[in-house]
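Note that ligands are numbered from 1 as they come in the structure, with each ligand's atoms numbered from 1 the same way. As the structure is a prediction and not an experimental result, all values here were calculated from the model.
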Amino acid sequence: MYPLTQIALALVTLLSVTAASLFEKREFFSVMQVPNTKFVANGPAAYAKAFQKYNKPMPHDLAVATGNDGSVTATPVDAYDSEYLCPVSIDGQILALEFDSGSSDLWVFSTSLPLSQQKGHVIFDPSKSKNWKALSGYTWNITYGDKSGASGTVGTDVVTVGGTSVSGQAVEIATQVSSQFVSDTANNGLLGLAFSSINTVKPQKQKTFFDLAKPSLSSPVFTADLKHHAPGTYDFGTINSAKYTGAITYTNVVTSKGFWEFTGSGYAVGNGSFVSSSIDAIADTGTTLIYLPDAVVTAYYQQVSGASYDSSQGGYTFPCSATLPNLTLGIGSYRAVVPGQYINYSPRGSKCFGGVQSNTGIGFSIYGDVFLKSQFVIFDGSSTPRLGFASK
Ligand SMILES: O=C(c1ccc(-c2ccco2)nc1O)N(Cc1ccccn1)C1CC1
């Protein structure tokens, strides 16, 4: 064979081998493992992972050690305790949500919002969730008492709160939010804990996290242990006796409006005598202040020197140096005492704005955070829903 031919043959062979090696199915190859030097070992978390992987209940101590005991921290968003935010995982994306026992929609800031409304917020991106299932044609639209509101579309996903996971939870994606929510950049959405009857999703109402979690909870309850100027907790499925003192007083709940609605038994201002009177009220963790009948509000501020209704502020104000009396609110025979200092809500101009205001126009009273943070509160979602209150 001529050398030229040999060279050509060799070249063709070399090329064909090279080409083949590019396309051949490689039988095996090894990759060098590189240790993650930044990883900090966490034994309990590693141990808990095994239970979570196979969705098995983990031992109590391990649950407590790893924040999986159904307890979630509720952190005040500012120096006035105007709202409390809790970390919620949506298929691994963690957002700070406001737990609201006065509404029943779980909605989040999302990538579907105009960028101007997303600014400053932690955003949920459904495209990054492997368990996300869009509910085609479903919408939601909610308006709150302070005229704030939001609306959008819906899907379902896996939602985890304090180690309690729920699959198929309706997550309401905001496509529009009001200016109050845009400017509240710590708040990335709400988790409704009122009754599912007032969920706003159409064409089919959706269930709240609590309703979906109930069957997996040891007891169909959640508790609120909110604190004054400090983080507190919501617990799901258990009543932690270390968090309250004395006996729990239970009172019946009417669910016809979809709220945790009950009848208060009266009030006392400071060391004054208790006035028996039926007060139709709701327990609302999503409302900051206490809204009461005018008779109670005027009786209270009569005991605060320099207090007056300031129409320019839309409520009662008083000199910030004023000493505020305690407010006692009756629930059955139980006397819930709200410390006076909790009722100095915030400086407003040269005066301070009261944490107790009139319920005029609402149609019922609202026992909001100023009240709830003075108590340990049990939201009992059993077949006969009831509210429990205890001192702490
Ligand atoms: O903001 C709400 C509120 C919550 C949920 C709903 C709603 C409509 C449809 C489904 O839920 N509508 C509200 O209005 N407050 C508190 C409040 C504060 C001040 C004045 C009026 N009210 C409801 C719980 C009482």
Side-chain angles (χ1 to χ4, degrees), residues 77 80-85 97-108 138-154 170-174 176-181 183-184 187 189-211 222 224 226 253-264 279-294 296-297 313-316 329 343 345-346 353-373 377 379 381 385 387:
V77 73
Y80 313 110
D81 299 346
S82 53
E83 65 187 55
Y84 295 83
L85 298 174
L97 302 185
E98 180 178 4
F99 283 21
D100 180 13
S101 64
S103 68
S104 306
D105 286 47
L106 194 171
W107 68 263
V108 291
Y138 281 56
T139 58
W140 61 282
N141 186 329
I142 194 163
T143 305
Y144 299 103
D146 57 3
K147 305 295 167 261
S148 64
S151 60
T153 57
V154 195
V171 175
E172 301 170 32
I173 297 296
Q176 175 275 328
V177 296
S178 65
S179 56
Q180 298 96 321
F181 285 110
S183 52
D184 182 1
N187 182 317
L190 264 68
L191 186 143
L193 291 168
F195 293 87
S196 298
S197 58
I198 59 170
N199 174 269
T200 72
V201 172
K202 289 184 174 134
Q204 215 169 343
K205 272 180 214 303
Q206 300 297 304
K207 289 191 172 183
T208 64
F209 170 81
F210 180 47
D211 266 356
F222 69 90
L226 301 178
V253 158
V254 169
T255 64
S256 50
K257 296 190 189 78
F259 302 130
W260 291 89
E261 186 175 7
F262 65 101
T263 303
I279 301 175
D280 174 16
I282 71 166
D284 183 6
T285 59
T287 290
T288 310
L289 308 181
I290 305 175
Y291 296 83
L292 289 166
D294 285 329
V296 185
V297 179
Q313 303 283 2
Y316 282 83
L329 291 170
I343 299 170
Y345 174 59
S346 73
F353 196 78
V356 168
Q357 297 293 340
S358 169
N359 70 3
T360 302
I362 297 176
F364 42 84
S365 292
I366 301 179
Y367 290 19
D369 298 331
V370 168
F371 169 78
L372 296 171
K373 67 185 178 180
V377 187
F379 293 78
L387 280 167

Inset, instruction - Decide whether Ser365 and Asn359 meet the rule of one side-chain donor and one side-chain acceptor closer than 3.5 Å. - result: yes

Inset, instruction - On the 0 to 90° scale, with breaks at 30° and 60°, tag the Tyr144-Phe181 ring pair as parallel, tilted or perpendicular. - result: perpendicular

Legend entry - Aromatic plane relationship, Phe210 with Trp260 - under 30° parallel, 30 to 60° tilted, over 60° perpendicular: tilted

Legend entry - Pairwise side-chain contact, Asn187 with Leu85, heavy-atom cut-off 4.5 Å (strictly under): yes

Legend entry - Which residues share a side chain to side chain contact (heavy atoms under 4.5 Å, CB included) with Thr139, sequence neighbours left out: Lys202

Once you restrict both partners to nitrogen or oxygen, which atoms of ligand 1 have a protein partner under 3.5 Å, and how far apart are they?
| from | atom 1 | to | atom 2 | distance (Å) |
| --- | --- | --- | --- | --- |
| ligand 1 | 1 (O) | Gly145 | N | 2.7 |
| ligand 1 | 12 (N) | Thr143 | O | 3.4 |
| ligand 1 | 14 (O) | Gly145 | N | 3.1 |

Inset, instruction - Say whether, by atom type as modelled, one donor and one acceptor occur between the side chain of Ser196 and the main chain of Thr208 under 3.5 angstrom. - result: yes

